[in-house]
Amino acid sequence: MKSYLYYPGCSLKGTAKEYDISVTALMTSLGADLLEIDDWTCCGATAAQAVDSGIGLALGARNLALAEKNSRPDPEKEPLDILVPCSACYLNLKTAQFDLEKDKAKREGINQVLSKENLSVQTHLKVRHLLDVLSLDVDWKKGLPFSNPLEGIKVAPYYGCQCLRPFTVFDNPESPHSMDEMIQAAGAQVLDWDMGAQCCGASNATTKPDVGQYLVGKILDNAKDAHCIVTVCPMCQMNLETYQDKAHPVPVLYLPQFLGLAMGIARDRLGLELNLSENVQLTGG
Amino acid sequence: MPVTDCPEEIQASVAKVKEMVRSCIQCGTCSASCPNAEFMDITPRQMWRMVLTDRLDLLFASRSFTMCSSCYWCTLRCPRGLELTRAMGELKQIGARLKLGNSKKSDLFYRLFLDNVRQYGRVREVELMGRYFLGMRNPMAPLSYAPLGISLLKKGKIKPELPGRGPGKLADLFEAVQHQEGI
């Protein structure tokens, strides 16, 4: 498999450590090398666009510039793609890329700002979400080593928002299905539900709990026939896992944790003990 | 309230939002798609109409725009291809700068979040939440977050760190951007 530049983002180094751990374990098992971008900083999350969109653009641009700086470890080969597991980081980097590509004046302005750190951005790299990479760069039908098939397990695939919208890249944002093939390859069943692309409330869960928790409740209640929810966003995972007391409780795993289990990767290499849902006990049939 | 009645530094931002939604046909797809619409007193469709008809008094009397959780359904589905989530972000910025007081908690949270990034480059969650609680000036506020905080500490996912001093990791970047924006 290809190598990727890796942008983990703040959550994966803090409250979503297990996402970082399991992405690394899964990608390594799939034969990919992850090259963490040196000196990366926050992407601005949803805060930047609510306070200062200029700062948001600059934060995205700084990280793109750093990525471009070490995108060609092998000058003979094509530059590497940037792999981003967090949906908010993915969207912010992709938006910065899109805006700077479209607007030359903006790019010149940003490059002036970045020149203080001897950085500049050209916007030639591909910013890709983990789900994009897993669904398009891996052939799930071809003999992957699933030594612990999760037979009898029913999974609610939860995509959330920002990996699907507004940029439509690898899946249908109205009715996403990119996880189906992977879940089935792992031996499990996919729950037929229509909450996969609904919003978890994002930062409303912190600042307006009634609004955020209402959305979380709807998602959890709709997943009541599933053994677990599988997701690809640290904010979604945190929101769904944290506010389970007022709704139907369901374990919430990161997609690489789930796939890793089926591949027989050890639980501690998937960071499963770090999940807040204590009952993550999915075993193969 | 016409745009020209707004403080001068706000006028350009309002004009920007107006430009972003100029071709809105009031079809209501945004409102119908918004997962938070039922918590709003005025709908997204009404908000765009208020922007276009200079009824900013009505718009900013409501806190609807602060309910936006940036899910991008409205942007995806808008038949005119308008970047409505971005426009909502601009409204949040204007609301925060006008210090309207109708979105105190999110304004505070987002501002502290960016301060945190300016200081450390990456988010330090414990310090951010600590400052958020202090900023809310409500001694009961931390209680509802305590169980989550305790489980995160127990799992070693967050760790208390001493607040940093000095100009901050991204101070130059922030300053250069603000200088360019003329703030």
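Basis for what follows: all heavy atoms, side chains included, without hydrogens, waters or symmetry-related copies. Every chain is numbered from 1 and lettered A, B, ... according to where its sequence line falls, protein lines coming before strand lines.
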What part of [X] gets within 4.5 angstrom of chain A, counting heavy atoms only: side chain, backbone, both, or neither?
X       : result
L148(B) : side chain
I94(B)  : neither
M136(B) : neither
E175(B) : neither
R118(B) : neither
F109(B) : side chain
V123(B) : both
K169(B) : side chain
T75(B)  : side chain

Against chain B, label [X] side chain, backbone, both or neither, depending on which of its atoms sit under 4.5 Å from a heavy atom there.
X       : result
E174(A) : both
T168(A) : side chain
A88(A)  : neither

Original post:
Just wondering, more than 12 heavy atoms not from K102(A) lying within 6.0 Å of its NZ?
Top reply: yes
Original post:
With a cut-off of 6.0 Å (strictly less than), are more than 12 heavy atoms of other residues, nucleotides or ligands near CG of D41(B)?
Top reply: yes
Subject >> Qualifying ring pair (Phe, Tyr, Trp, His ring centres under 6.0 Å) pairs, either residue in residues 13-58 of chain B, two or more places apart >> reply: Y214(A)-F39(B)
Subject >> Atom pair CD1/CD1 of I82(A) and I37(A) - distance to nearest 0.5 Å >> reply: 5.0 Å
Subject >> K105(B) with D107(B): basic N within carboxylate O range, under 4.0 Å >> reply: no
**OP:** Flag this pair as yes if the NZ/CZ of R122(B) is under 6.0 angstrom from the six-membered ring centre of Y120(B) and inside a 45 degree cone about the axis; otherwise no.
**Re:** no
**OP:** List in chain and number order the residues that pass side-chain hydrogen bond (donor to acceptor under 3.5 Å, both in side chains) with Y159(A), two or more places apart in sequence or in another chain; answer none if no residue qualifies.
**Re:** none
